[in-house]
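Have a look at the structure below before the remarks.
All chains are named by letter (A, B, ...) in the order of the sequence lines, taking the proteins before the strands, and each is independently numbered beginning at 1. Every heavy atom of this structure was used, including side-chain atoms; hydrogens, water molecules and symmetry mates were not.
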2 protein chains.
Amino acid sequence: MVFLYHCVYMINIMQTEHDNLGGSAQDLPLYQQIKRKILLALEQKVWRSGELIPSENDLATLYRVSQGTVRKALDELVAQHFLLRRQGSGTFVATHQEEQSKYRFLHLANIAGNFEDSQNRILLCAHQKAPAIVYECFSMGPEHIFVHIRRLMSFKNQPVVLEDIWLPCPLFSELNLELLQSWQGTMYGLFESHFGTHMVRAHEKITAELPNEISVEFLGIAPSTPILNIFRIAYTYGDHPVEVRQSQNLTNDYHYANNLS
Amino acid sequence: MVFLYHCVYMINIMQTEHDNLGGSAQDLPLYQQIKRKILLALEQKVWRSGELIPSENDLATLYRVSQGTVRKALDELVAQHFLLRRQGSGTFVATHQEEQSKYRFLHLANIAGNFEDSQNRILLCAHQKAPAIVYECFSMGPEHIFVHIRRLMSFKNQPVVLEDIWLPCPLFSELNLELLQSWQGTMYGLFESHFGTHMVRAHEKITAELPNEISVEFLGIAPSTPILNIFRIAYTYGDHPVEVRQSQNLTNDYHYANNLS
DNA sequence: TAGTGGTCTAGACCACATA
DNA sequence: ATGTGGTCTAGACCACTAG
């Protein structure tokens with residue numbers, strides 16, 4: 001029975017939590033405590049991306065709370081895209097393989113406001129030093145090495161985005177050109193399935209700039225063309241930064257679409 | 001008793017809904033039906049911005065459902081910023097006067113990632129024709145007139161944003177320069193308190209451009225300076241568009257901050 | 001002290017997916 | 001047929017606000 005299998009893991013985690021919080025759990029509501037425990041289990045990879053987690057009833061038994069309390073914890077985790085519910089099937093760890101998450105981290109739309117599939121070309125994948133800002137983002141010393149990826153994205157076969165990506169090295173050391181070129185799907189899907197790193201959120205700083213030399217070359221534009229510059233830091237479980245990305249976007253035919261609410 | 005006062009309104013609304021949906025309410029879950037009724041009441045200004053709405057128990061009695069079902073409807077409305085809960089006090093119609101909504105529709109942050117208060121100068125407030133795109137956004141014929149506002153926003157007394165705002169005319173006809181200049185607070189707060197129009201969401205299209213002549217003049221920049229251009233349509237209850245705004249943002253010292261999740 | 005929202009429970013029934 | 005999540009109910013108790 002799946003339930004018993006998970007029990008072994010979960011009891012460990014429950015007790016770890018118990019120790020950390022000193023019994024009273026800081027007076028957080030029960031459902032918040034359970035939410036934390038599930039998040040910790042996700043961070044510690046008790047359940048992997050795409051896997052089925054125990055049913056609401058099993059979790060309720062495990063945590064010694066009612067099913068309604070588990071449900072409230074799951075509600076929030078689903079709203080934050082950590083989990084995915086399928087009625088009749090169960091609750092699953094969210095992945096970047098799902099159709100619906102294809103444009104979750106890519107907000108570039110055409111004039112009509114629709115998202116299009118991109119054609120991608122990997123220009124570079126090397127172990128290198130990185131710009132100073134990258135070291136700051138990861139709080140790492142200057143001796144560290146990063147995997148540096150450069151990618152050109154085209155829409156309707158017109159180059160639109162040139163991005164430089166830096167990934168910390170112990171974790172992504174095995175990443176190479178062949179793997180990137182053969183992969184069908186989003187980059188975050190690749191990171192998840194081959195490196196066990198699931199991106200949960202990102203922060204972007206958007207500015208208007210003049211293009212760098214590489215953008216001029218690969219986007220085929222004049223050096224005076226205004227470029228939408230996006231500087232992104234992406235985070236995995238536990239708010240650990242695991243990717244820094246700078247992209248230069250040609251916004252003649254496309255725009256960054258954002259909903260405020 | 002406040003409860004009885006509201007009953008008169010609510011019963012009308014309930015019956016309107018009932019007629020529209022033909023009894024079976026399209027098989028929507030109860031809490032979704034109640035959410036719709038509350039949204040309709042907000043749209044029809046049964047309760048005004050900032051006002052207390054009936055308690056969960058009163059609403060439950062009114063709609064003949066359990067308090068838990070009302071709560072689930074309110075949960076979603078609060079998450080979408082339509083309502084605001086205050087424990088011990090009650091549930092209120094959300095406003096743009098609250099401190100927390102000051103930067104809800106202004107995502108410009110300084111290098112450290114913090115939001116700053118702006119100094120605003122109204123350059124223009126006139127009843128005018130508008131660019132063609134504005135007519136499209138409102139689905140209005142070319143005979144219509146709009147209120148056109150031009151505003152310069154500065155941070156640390158350096159001009160950073162120049163925005164042009166178009167508002168449809170029957171609704172905002174009374175808007176004038178004196179009112180705009182004397183108003184302390186956000187523009188959406190003004191629209192809400194003086195024109196009964198509460199913005200609930202907006203969509204932005206962001207591009208990099210060269211500045212228009214007016215931006216060159218008022219931002220004090222060279223015509224070749226890249227500018228972050230934001231084209232916004234803002235909506236009130238019922239997804240009716242009520243504002244079109246184009247802003248040109250100088251992103252030398254500030255950036256558009258966006259969280260993806 | 002009374003009324004409000006916030007948490008938690010227990011149990012019923014429904015809709016859906018899978019075998 | 002079974003087990004899953006989805007909805008709905010009724011009731012208890014707690015935390016907070018205000019008169």
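Taking the charged nitrogens against the carboxylate oxygens, A/R48 and A/E51 have no contact shorter than 4.0 Å, which rules out a salt bridge. B/D75 has a carboxylate O that lies under 4.0 Å from a charged side-chain N of B/R85, or vice versa, which qualifies the two as a salt bridge.
Contact between the side-chain N/O atoms of B/S55 and the OP1/OP2 oxygens of C/dT4 is found at a separation under 4.0 Å. Proximity of B/Y31 to the phosphate of D/dC8: no side-chain N or O atom is located under 4.0 Å from OP1 or OP2.
Rounded to whole Å, the distance from CD1 on B/I34 to C1' on D/dT7 is 12 Å. Between A/L30 atom CG and D/dA15 atom P there is a gap of 13 Å when expressed in whole angstrom units. Whole-Å rounding puts the B/L28 CG to C/dC14 P distance at 19 Å. One can place CZ of A/R64 at 16 Å from C1' of C/dT9, the figure rounded to the nearest angstrom. The distance from atom CG of A/L52 to atom C1' of C/dA17 is 12 Å, rounded to the nearest whole Å. Computed from coordinates, the A/Y63 OH to C/dT9 P distance equals 14 Å when rounded to whole Å. The CD atom of A/E56 sits 15 Å away from the C1' atom of C/dA10 (whole-angstrom rounding). When the C1' atom of D/dG3 is taken as reference, atom CG of A/L59 falls 15 Å away, rounded to whole Å.
Using the six-membered ring where Trp is involved, A/H194 and A/W183 have ring planes that are perpendicular, over 60° apart on the 30 and 60° scheme.
In the set D/dT9, C/dG5, C/dT9, the nucleotide with an atom closest to the side chain of B/V65 is D/dT9.
Of all heavy-atom pairs spanning A/F172 and A/V242, the tightest one is CE1-O, 4.0 Å. The two atoms that bring A/Q97 and A/S193 nearest to each other are NE2-CB, 3.9 Å, heavy atoms only. Of all heavy-atom pairs between A/F105 and A/H96, the closest is CE1-CE1, 3.5 Å.
Checked against a 6.0 Å centroid threshold, the rings of A/Y237 and A/H198 count as neighbours.
Within residues 66-92 of chain A, the residues having any heavy atom closer than 4.0 Å to DNA chain C are, in order of number, A/S66, A/T69, A/K72, A/Q87, A/G88, A/S89.
Cation-pi geometry between B/R245 and B/F231 is not met at under 6.0 angstrom from the ring centre and within 45 degrees of the axis.
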- Go through the steps for A/Y256 and B/E204 under the test side chain to side chain contact (heavy atoms under 4.5 Å, CB included), then give the verdict. CA-CA 8 Å; A/Y256 187 98; B/E204 296 190 328; over 6 Å; no
- Whenever both distances are under 3.5 Å in a Watson-Crick or G-U wobble pair, mark it; put DNA chain D into dot-bracket that way, with [ ] for crossing pairs and | when the partner is on another strand. ||||||||||||||||||.
